[in-house]
Each structure stands twice: as structure tokens, then as C-alpha cells.
Amino acid sequence: MTIAFGSCEAPSTIASLERLPRLEAAADYRSAILDAFDQYLERHDQQKVRLIGFSLGAMPTLHIAAARAHNVSSIDLIAPGAPLQLGRFLDNMAGRPVFEAASAGKFRLGLLAGLQSLGLRLAPNTVALQLFKSAPEIEKSMMAEPIRSEAFTNGMRYAIREHAAGYRRELNAYVRDWSEILPKVQSPVRIWQGSADNWAPPDMAKALASAIAGPVQIEWLEGLSHYGTLAHALPRIVKGQ
């Protein structure tokens with residue numbers, strides 16, 4: 001069985017472990033993720049699973065891999081967000097304003113999340129266009145497809161409007177230094193990385209690969225950015241390529 005984190009386009013063959021609703025009430029980020037995973041295994045009578053993490057979904061994926069190695073067969077990370085403390089990434093990241101707001105404290109992050117929520121309610125297409133303003137043309141064309149743009153905006157509404165507290169809590173957890181878990185990841189890891197990604201820059205994938213203890217393979221995808229990498233990698237992962 002395969003469990004995915006952070007993919008808004010996961011096919012029915014992949015189970016999505018919802019974490020944002022649980023984070024809204026949990027006292028500790030790591031404990032909430034591990035409890036959700038343990039309960040999933042018990043509910044489905046599973047002993048070993050494959051994990052997929054997209055973007056910020058790399059963080060809960062790696063937390064599980066570090067703490068529950070005996071339950072993880074392999075890991076695919078798609079355009080993964082690595083700990084910011086592994087390098088000087090922030091200046092080149094399209095999500096810099098969000099991460100800086102999370103680092104600045106609850107008030108600034110809450111204000112930004114409120115503005116995002118308002119934008120999604122009043123002009124969702126404008127929000128999407130602004131987010132993809134600096135993306136490569138191939139990705140802009142892909143996200144112009146109604147089915148993909150709708151999936152993207154629905155994913156943003158789910159996080160920012162429906163589970164705002166969980167969304168903020170995950171951002172707060174991400175900007176803190178969680179790199180100490182990486183030497184504990186022993187399962188085989190495959191990283192799918194677009195060469196033109198300005199959300200999770202290529203140098204971030206390299207730093208992540210160097211910090212993980214287990215075997216790591218990077219699949220470089222020339223010319224693709226963040227969501228283009230997801231659209232390319234996920235079908236291949238499902239087919240077992």
C-alpha cells in the first residue's frame with residue numbers, strides 16, 4: 001500500500017493521509033503525524049507501506065520514515081521541501097513571503113493567511129495566476145488546463161480556508177529546524193526534482209540527499225518546475241517505474 005502526503009492529484013490507488021485536520025487540535029506536530037500513521041496501519045491491517053511526499057509533504061513523510069523505519073519499504077519525494085537550515089535557499093524560493101511570515105510569528109502569518117483566504121474567496125484565478133507568475137511556460141500552460149487549475153485551487157481552499165489552523169501549524173513546523181531526523185531515515189529514497197523549480201530549488205534536493213542516511217537517488221526532470229514535476233512523476237510512481 002502507498003500513502004501520499006501533499007498531493008492534490010493522487011489517484012485512487014494511493015491513500016492520502018490527511019494531516020491538517022489532526023494538526024488543528026494536536027499539541028505536538030511530530031506526535032500528530034505519527035499517531036495518524038499508526039492508526040492508519042491498524043485500521044487497514046498493514047505492516048509495511050510505501051510513502052510519497054510532495055512539496056511540504058516531504059516533512060511528514062520523513063518524520064514517519066525516521067520514527068517508523070520498520071513500517072516503511074521505500075520513499076518517493078516529489079519536488080521536496082527540505083529544512084531551510086540546510087542551505088541558503090530562501091532568497092530563491094517563490095514561497096519566501098510565506099516562510100518569512102511563519103518565521104516572524106503568529107500575527108504576521110495569520111495576517112498573510114487571512115489575505116490568502118480572502119483572495120481565494122473573491123478571485124481564485126487571480127491568486128493562482130500570481131503564484132505561477134514566475135513559473136516556466138510549460139508549467140503555466142499545464143496549469144491553464146481547467147482540470148488542473150481547479151485541482152490546485154481546491155487544494156489551496158482545503159488548506160487555507162477549511163483547515164487554516166492546521167495549515168499555519170505545519171508552516172510553523174516547517175520553518176523550524178527539523179534536520180535532525182534526516183540521519184535517522186534508512187529506507188531507500190527517490191527524489192523527483194525539476195531543474196526549473198523555484199518553489200523547492202534544485203540545491204534543496206541536493207542538500208536533502210546528502211543529509212539522508214539511507215540510499216538516495218535523484219531523478220532530474222529537465223525544464224520542469226514544482227507542479228510540472230508532480231504531474232510528470234506521480235503517474236510513473238504509480239506504474240512502478
Open item on the list: If I take atom CZ from residue F37 and atom CG from residue D35, how far apart are they, to the nearest 0.5 angstrom?
Closed with: 12.0 Å
TODO: Write out all pairs satisfying salt bridge (charged side-chain N to carboxylate O under 4.0 Å, His left out) with one or both partners inside residues 200-209, taking only residues at least two apart or from two chains.
DONE: D203-K206
Open item on the list: Does D197 form a side-chain contact (heavy atoms from CB on, under 4.5 Å) with L221? I'd like the steps, not just the answer.
Closed with: CA-CA 10 Å; D197 194 338; L221 304 175; over 6 Å; no
For residues 93-103, dump all side-chain donor-acceptor pairs below 3.5 Å to protein atoms at least two apart in sequence or in another chain.
residue: R96; atom: NE; partner: E100; partner atom: OE2; Å: 2.7
residue: R96; atom: NH1; partner: D91; partner atom: OD1; Å: 3.4
residue: R96; atom: NH2; partner: E100; partner atom: OE2; Å: 3.3
residue: S103; atom: OG; partner: F99; partner atom: O; Å: 3.0

Task: Qualifying residues under side chain to side chain contact (heavy atoms under 4.5 Å, CB included), relative to S187, sequence neighbours excluded - done: V72, I75
Task: Residues which pass side chain to side chain donor-acceptor pair (under 3.5 Å) with E24, listed by chain and number, not counting sequence neighbours - done: H163
Task: Worked check of side-chain contact (heavy atoms from CB on, under 4.5 Å) between N198 and N92 - done: CA-CA 7 Å; N198 61 346; N92 299 316; over 6 Å; no
- [ ] Could you tell me which residues satisfy side chain to side chain donor-acceptor pair (under 3.5 Å) with D76, sequence neighbours excluded, listed by chain and number?
- [x] R190, W192
Task: Residues which pass side chain to side chain contact (heavy atoms under 4.5 Å, CB included) with A164, listed by chain and number, not counting sequence neighbours - done: R168
Open item on the list: Keeping S73 on the side-chain end and V49 on the backbone end, is there a donor-acceptor pair under 3.5 Å?
Closed with: yes
Open item on the list: Run the side chain to side chain donor-acceptor pair (under 3.5 Å) test against R30 and tell me which residues pass, sequence neighbours left out.
Closed with: none
Open item on the list: For residues 51-67, which residue pairs pass the salt bridge (charged side-chain N to carboxylate O under 4.0 Å, His left out) check, not counting sequence neighbours?
Closed with: none
Task: Candidate pair L171 and V175, rule side-chain contact (heavy atoms from CB on, under 4.5 Å), full reasoning - done: CA-CA 6 Å; L171 286 172; V175 297; 5.7 Å; no
Open item on the list: Rounded to the nearest 0.5 Å, what separates atom NE2 in H232 from atom CD1 in I237?
Closed with: 9.5 Å
Task: Lys/Arg N to Asp/Glu carboxylate O, E162 vs R157, below 4.0 Å - done: no
Open item on the list: Does the plane of the ring in F54 sit parallel, tilted or perpendicular to the ring in Y227? Use 30° and 60° as the thresholds.
Closed with: perpendicular
Task: D38: side chain to side chain donor-acceptor pair (under 3.5 Å) partners, not counting sequence neighbours - done: R68
Task: Summary of salt bridge (charged side-chain N to carboxylate O under 4.0 Å, His left out) pairs that have at least one residue in residues 210-219, sequence neighbours excluded - done: none
Open item on the list: Can you tell me if E222 has over 12 outside heavy atoms packed within less than 6.0 Å of its CD?
Closed with: no
Task: side-chain contact (heavy atoms from CB on, under 4.5 Å) assessment of L23 paired with E170 - done: CA-CA 8 Å; L23 290 175; E170 178 149 274; 4.1 Å; yes
TODO: Scan residues 16-35 for pairs that pass ring pair (Phe, Tyr, Trp, His ring centres under 6.0 Å), counting only residues two or more places apart or in two chains.
DONE: Y29-H63
Task: By side chain to side chain contact (heavy atoms under 4.5 Å, CB included) - contacts of E180 (at least two apart) - done: none
